[in-house]
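Note that this is a predicted model, so its numbers are computed, not measured.
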Amino acid sequence: MLDLDPPGLDLYRVGHRTRLKWHMGRRVRSDVPFTPSRTAEAMALGASFEVDLNRHAGAGFAVLHDETLDRETDGHGPVIAAEPDALRRLKLRRPSGEITDEKVQLLDDLAALVRAGSAHPETLIQLDLKVGAEAIDDACVAAFAATLSGIAPRFILSGGDRVAVGRLGRATAGLNLGFDPCNQGTVGEIEAGADLQAFVADALDALPEASLIYLDYRAVFLADRRGVDLIAAFHAAGKRVDAYTLDLHHPGADDSLKRLIELKADQITTNEPDAVARRAVELGVAALDPVSK
C-alpha cells in the first residue's frame, strides 16, 4: 500500500504526547480491518494499533471482531469452532462483502512478527478481547501466556470483562493491561447526570492493574460540560487515558479533536490516523514532532 500522507502516529502540544491509535489496524478509513499488510506496516512504523481477539477451537485467538466468520471472511460459522489452520486459509472481506486477497491472522502470527524483529521499539499492539470469562479456560490461559512469552511488553490487553482480562493478564509476565468502563448506556447516563466521581472510582476498582483506561470520547465531553475532567481524574490516579473512536466525519470533529488534545488525552483512537494528524496540524492545535509545538 502507498500512502502519501505522513503516518498518523503522535501529536505534541506543550510537552504532552498524544498517540493516535489505529482502530482495527486501519491507517485510512477505507482500509479493510486487520489486514496482514497494514499490520506489518504499523509495526515497522512504531504505531499504536488495535486488533480484536475471538477465541478459536485450538485454545488460541483469531484476529477478528465478530463471533462468527460470515461477515468478515469468506468462511462460515462460529470462530470458536474453527481450527487454526482453517482460519489461516480464510480471506478477509471488505465491508461491502467483496473478498480480498488478505488472509485472516491469529494472535500467534502477530507474536511471530514481533519475535522476528519486525516491530519498531515504539510499537504497541492493543489486544481487545471480545469474549467473556466463560470462554477463558485453563488451556486458553496457558496458550495465551506461551504465545506472548518474552514479548508481552509490546502488547496491551483490554476489554470490558474485568475477570477475563485479569485472568489472562495475571498469567502473562510483562503484559500491559487496560480497562474500558464504558458500555452502551454510559454516554446517556452521564448526560442524565450520573455520579462521575463514582464512575471513576468504579473504573479504578474494576481492574487495579490496568495502566490505561479507555473512554468513549463522547463521555469525556459530556463530563467536561459538567465541569468534570475525566482525563485529569484518571491521571491523578496514575492511569493513562485513550479516548475512542473519533473520525473527521463525526459532528463537531474539529472541536472534539482540539479539546481532547487540550485535555491531554494520552491516546486518541481513530479509523483514519493520517487524516487526523494532518487536521490537528491544520487547526494549529498540535505538531507532529515534540519540538514544534
Side-chain angles (χ1 to χ4, degrees), residues 5-23 26-29 47-50 124 126 158 178-201 203-204 210-293:
D5 287 338
L9 301 174
D10 302 293
L11 297 171
Y12 295 89
R13 180 182 182 274
V14 196
H16 183 77
R17 179 195 194 192
T18 297
R19 302 214 72 186
L20 295 175
K21 188 185 74 190
W22 300 17
H23 183 234
R26 292 183 174 114
R27 182 174 171 182
V28 297
R29 197 147 57 94
S48 175
F49 71 99
E50 178 238 20
L124 182 64
Q126 179 191 349
S158 67
F179 181 68
D180 181 356
C182 298
N183 55 47
Q184 290 184 346
T186 299
V187 170
E189 290 166 2
I190 291 177
E191 190 171 27
D195 184 336
L196 293 170
Q197 185 175 359
F199 173 78
V200 171
L204 294 173
S211 60
L212 186 60
I213 303 296
Y214 297 88
L215 297 176
D216 187 319
Y217 84 92
R218 298 170 300 170
V220 173
F221 288 126
L222 287 169
D224 190 39
R225 289 175 193 167
R226 291 172 52 188
V228 177
D229 185 343
L230 288 179
I231 293 175
F234 284 110
H235 282 172
K239 310 297 183 181
R240 297 169 60 246
V241 173
D242 175 304
Y244 66 86
T245 301
L246 177 64
D247 294 334
L248 296 180
H249 69 284
H250 293 166
D254 282 357
D255 290 339
S256 297
L257 177 58
K258 290 171 66 175
R259 190 59 179 148
L260 285 175
I261 294 170
E262 290 168 355
L263 291 172
K264 298 185 178 181
D266 301 288
Q267 191 161 261
I268 297 172
T269 297
T270 177
N271 290 294
E272 47 187 350
D274 287 10
V276 168
R278 183 176 65 249
R279 188 60 180 152
V281 173
E282 290 172 351
L283 292 170
V285 71
L288 300 181
D289 62 81
V291 298
S292 298
K293 189 72 176 179

Exercise for the section: Applying salt bridge (Lys or Arg N to Asp or Glu O under 4.0 Å), name anything that partners Asp247, two or more places apart in sequence or on another chain. Expected result: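 Result, salt bridge (Lys or Arg N to Asp or Glu O under 4.0 Å) vs Asp247: none returned.
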Handout entry: Residue that, paired with Leu230, satisfies side chain to side chain contact (heavy atoms under 4.5 Å, CB included) out of Leu263, Leu222, Leu215
Key =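 Going through the options one by one, the only one that passes is Leu215.
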Exercise for the section: Among Leu20, Leu248, Val28, find the one that has a side chain to side chain contact (heavy atoms under 4.5 Å, CB included) with Glu272. Expected result: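 Output: one option passes, namely Leu248.
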Can you tell me if [X] uses its side chain to pair, donor with acceptor, with the backbone of [Y] under 3.5 Å?
X      : Y      : value
Lys239 : Ala210 : yes
Asp274 : Gly8   : yes
Arg13  : Lys258 : no

Practice task
Indicate whether any N or O donor in one side chain lies under 3.5 Å from an N or O acceptor in the other, for Glu50 and Thr269.
Solution key: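 No, no side-chain donor-acceptor contact under 3.5 Å.
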Which atom names give the shortest non-hydrogen contact between [X] and [Y], and what distance separates them?
X      : Y      : value
Ala223 : Leu196 : CB-CD1, 3.8 Å
Leu204 : Phe234 : CD2-CD2, 3.8 Å
Thr245 : Asn271 : CG2-ND2, 3.7 Å

Side-chain touch [X]/[Y], heavy atoms, less than 4.5 angstrom:
X      : Y      : result
Ile213 : Pro181 : yes
Pro7   : Arg27  : yes
Leu288 : Leu11  : yes
Ile268 : Ile261 : yes
Tyr214 : Gln126 : yes
Arg225 : Glu191 : no
Ser48  : Gln267 : yes

[X] [atom1] to [Y] [atom2] distance, which is reported to the nearest 0.5 Å:
X      : Y      : atom1 : atom2 : result
Arg226 : Ile190 : CZ    : CD1   : 7.5 Å
Phe179 : Leu212 : CZ    : CG    : 12.5 Å
Asp266 : Asp242 : CG    : CG    : 9.0 Å

Problem - Sole residue of Asp224, Asp229, Asp254 in salt bridge (charged side-chain N to carboxylate O under 4.0 Å, His left out) with Arg259 - result: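 Between Arg259 and the candidates, salt bridge (charged side-chain N to carboxylate O under 4.0 Å, His left out) is satisfied uniquely by Asp224.
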Problem - Trace of the side chain to side chain contact (heavy atoms under 4.5 Å, CB included) decision for Tyr244 with Val220 - result: CA-CA 10 Å; Tyr244 66 86; Val220 173; over 6 Å; no
Exercise for the section: Return yes when atom CZ of Arg240 has more than 12 non-hydrogen atoms of other residues, nucleotides or ligands closer than 6.0 Å, and no otherwise. Expected result: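 It does: Arg240 CZ has more than 12 such atoms within range.
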Practice task
For atom CD of Gln184, decide whether the heavy atoms of other residues, nucleotides or ligands shown that lie under 6.0 angstrom number more than 12.
Solution key: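 It does not: Gln184 CD has 12 such atoms or fewer within range.
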Exercise for the section: Under the ring pair (Phe, Tyr, Trp, His ring centres under 6.0 Å) rule, collect the residues that match up with Tyr217, sequence neighbours excluded. Expected result: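 Checked Tyr217 against ring pair (Phe, Tyr, Trp, His ring centres under 6.0 Å); matches are Phe221.
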